[in-house]
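Heads up, the thing below is written out as structure tokens.
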2 protein chains.
Amino acid sequence: MLKYALLGFLNYTPMTGYDLKQFMDASTSNFWHAKQSQIYATLKKLEQDELVRSHVEPQEGRPDRRVYQITEKGREDLQDWLSQPVMDVEPRKEKLLLKLFFSADQSVEKILTQLRIQRSLHEETLERYQNQTKEVIAQFSASEDMAEHGRYWEATRRFGELYEEMYIRWVDETIEKLEE
Amino acid sequence: MLKYALLGFLNYTPMTGYDLKQFMDASTSNFWHAKQSQIYATLKKLEQDELVRSHVEPQEGRPDRRVYQITEKGREDLQDWLSQPVMDVEPRKEKLLLKLFFSADQSVEKILTQLRIQRSLHEETLERYQNQTKEVIAQFSASEDMAEHGRYWEATRRFGELYEEMYIRWVDETIEKLEE
DNA sequence: GAATACATGTAAAATGTTACATGATTTT
DNA sequence: AAAATCATGTAACATTTTACATGTATTC
């Protein structure tokens with residue numbers, strides 16, 4: 001699936017694995033993320049499958065850049081994937097909930113601390129979506145050929161915002177019940 | 001991490017890999033899930049590490065059962081994990097959002113169809129949390145020695161409920177904006 | 001008569017994480 | 001003087017998914 005994230009970005013414009021990581025961190029990390037090493041490995045595989053092509057741009061004083069661009073075959077594959085509807089609900093994994101589920105023998109004080117830590121982490125995340133991510137999207141949508149993309153980027157950002165608000169609400173509710 | 005889900009359940013009572021799968025599907029699938037094959041593989045590893053022990057119970061007409069029970073070492077490991085606070089925000093992966101992010105060139109009609117499919121899938125999931133999962137928890141909490149656990153199980157179920165409500169709200173909001 | 005439940009697992013592939021390695025330039 | 005940024009990657013490991021294989025008993 002990372003495959004399609006990379007093809008999606010390369011469909012905008014050619015760039016390096018390093019650039020792709022920056023873009024993902026700034027825009028899709030809310031719903032899709034990857035480590036730098038995985039991005040490099042996946043790009044290599046995409047090139048083998050001829051969905052992307054690369055060339056090296058020599059640089060002085062800095063490491064050379066390997067710039068990837070999407071091929072016609074890559075565009076078709078991406079288009080194909082985009083047009084297929086998602087037919088399932090994505091399963092979640094939430095360590096904190098797993099812990100909480102088995103926490104009946106822990107002290108309530110310890111659990112409350114856990115929850116308060118999560119609350120502040122999710123508050124930070126929420127603020128990031130509301131400020132930083134929002135700005136990044138606004139900047140990119142400013143250019144004319146990217147304006148149409150802005151609507152969709154904003155929809156995904158909004159999801160992150162709603163998610164974090166929901167999470168904080170759930171923590172507050174749970175803390176309240178435990179304090180009774 | 002599946003490791004701790006299995007230890008957590010085995011800390012209630014000894015059971016087979018098959019039983020563990022049933023329990024997880026009925027209770028933790030909202031925030032932690034695993035395939036049957038992964039459960040068997042993980043149990044094998046847990047036994048090698050002496051965190052669980054197993055014995056075979058012969059059966060007639062049905063395959064023999066391999067019943068696992070947690071060891072003292074396993075209990076300590078679980079306890080240790082439970083007492084450590086979670087210090088990060090769990091990253092999500094949402095295929096639909098990834099698709100939506102890159103969908104500016106798709107027809108609005110196609111995207112709306114995508115969103116409507118997701119809406120109905122998440123509505124089903126929400127209802128499951130509100131009815132089936134709620135009942136399962138009520139049943140298990142009925143026995144005296146499990147009553148205290150019920151509070152925590154309910155908190156995790158509530159998370160699923162809030163999540164699905166949020167998701168549906170987001171879909172509705174997004175559909176509305178696209179229809180403008 | 002067909003499908004589901006019960007119960008176990010193996011093998012291969014895909015995916016993702018962690019740790020390591022290099023080295024100049026720029027910022028703190 | 002130390003840390004972060006730019007830029008690449010490899011290797012080992014861990015986790016997860018998919019597909020295969022088996023066979024009885026019960027339910028529809």
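We name chains A, B, ... by the order of the sequence lines, and we start the count at 1 in each one. Everything numeric in this text was worked out from a predicted model, so none of it was measured.
Nearest nucleotide to the A:Lys35 side chain, out of C:dT18, D:dC6, D:dT16: C:dT18. Out of D:dT16, C:dA7, D:dT8, the shortest distance to the side chain of B:Leu2 is found at D:dT16. Considering only side-chain atoms of A:Tyr18, the nucleotide from C:dG9, C:dA7, D:dT5 that sits closest is D:dT5. Minimum atom distance to the side chain of A:His33 is reached by C:dT17, of the listed C:dA7, C:dT17, D:dC6. Listed nucleotides C:dG9, D:dT16, D:dC6 differ in distance to B:Trp32; the shortest reach to its side chain belongs to D:dT16. Here the nucleotide nearest the side chain of A:Gln38, chosen from D:dT17, D:dA7, C:dT15, is C:dT15.
Atoms CE (A:Met15) and P (D:dA7) sit 13 Å apart, rounded to a whole Å. For the pair A:Tyr40 OH and C:dC20 C1', the computed distance is 15 Å after rounding to whole Å. Protein atom CG of B:Leu43 is 15 Å distant from nucleotide atom P of C:dA7, rounded to whole Å. Taking atom CG of A:Leu46 as the reference point, atom P of C:dT15 lies 11 Å away to the nearest angstrom. Spacing between atom CD of B:Glu90 and atom C1' of C:dG16 amounts to 14 Å, rounded to whole angstrom units. Note: CD1 (A:Ile39) to C1' (D:dC6) measures 15 Å, nearest angstrom. The separation between B:Lys21 atom NZ and D:dT16 atom P is 13 Å, rounded to whole Å. Residue B:Glu57 contributes atom CD, which lies 13 Å from atom C1' of C:dA7 at whole-angstrom precision.
No option in B:Arg65, B:Arg66, B:Lys44 other than B:Arg66 meets the side-chain hydrogen bond (donor to acceptor under 3.5 Å, both in side chains) test with B:Ser54.
In this structure, B:Glu123 pairs ionically with B:Arg119, as a charged nitrogen and a carboxylate oxygen lie closer than 4.0 Å. Salt-bridge formation is not detected for the pair B:Glu180/B:Lys177: no Lys NZ or Arg NE/NH1/NH2 atom is positioned less than 4.0 Å from an Asp or Glu carboxylate oxygen.
Close to C:dT8, at under 4.0 Å from its OP1 or OP2, lies no side-chain N or O of B:Arg66. Taking 4.0 angstrom as the limit, B:Lys45 places a side-chain polar atom (N or O) nearer than this to OP1 or OP2 of D:dT15. Proximity of A:Ser37 to the phosphate of C:dT17: no side-chain N or O atom is located under 4.0 Å from OP1 or OP2. Distances shorter than 4.0 Å separate none of the side-chain N or O atoms of A:Lys44 from OP1 or OP2 on D:dG9.
In terms of position on DNA chain D, the residue among B:Met1 and A:Gln36 whose nearest nucleotide sits closer to the 5' end is A:Gln36. Place B:Ala41 and B:Pro91 on DNA chain C by their nearest nucleotides, and B:Ala41 ends up nearer the 5' end.
Donor-acceptor pairing under 3.5 Å is recorded for the side chains of A:Tyr4 and A:Asp77.
Contact annotation for A:Lys93: backbone-only contact, meaning every heavy-atom pair under 4.0 Å involves sugar-phosphate atoms and none involves a base.
Annotation for A:Gln84: atom CD counts as buried by contact number, over 12 foreign heavy atoms lying within 6.0 Å. Open room surrounds CD on A:Glu50; 12 or fewer heavy atoms of other groups in view lie less than 6.0 Å from it.
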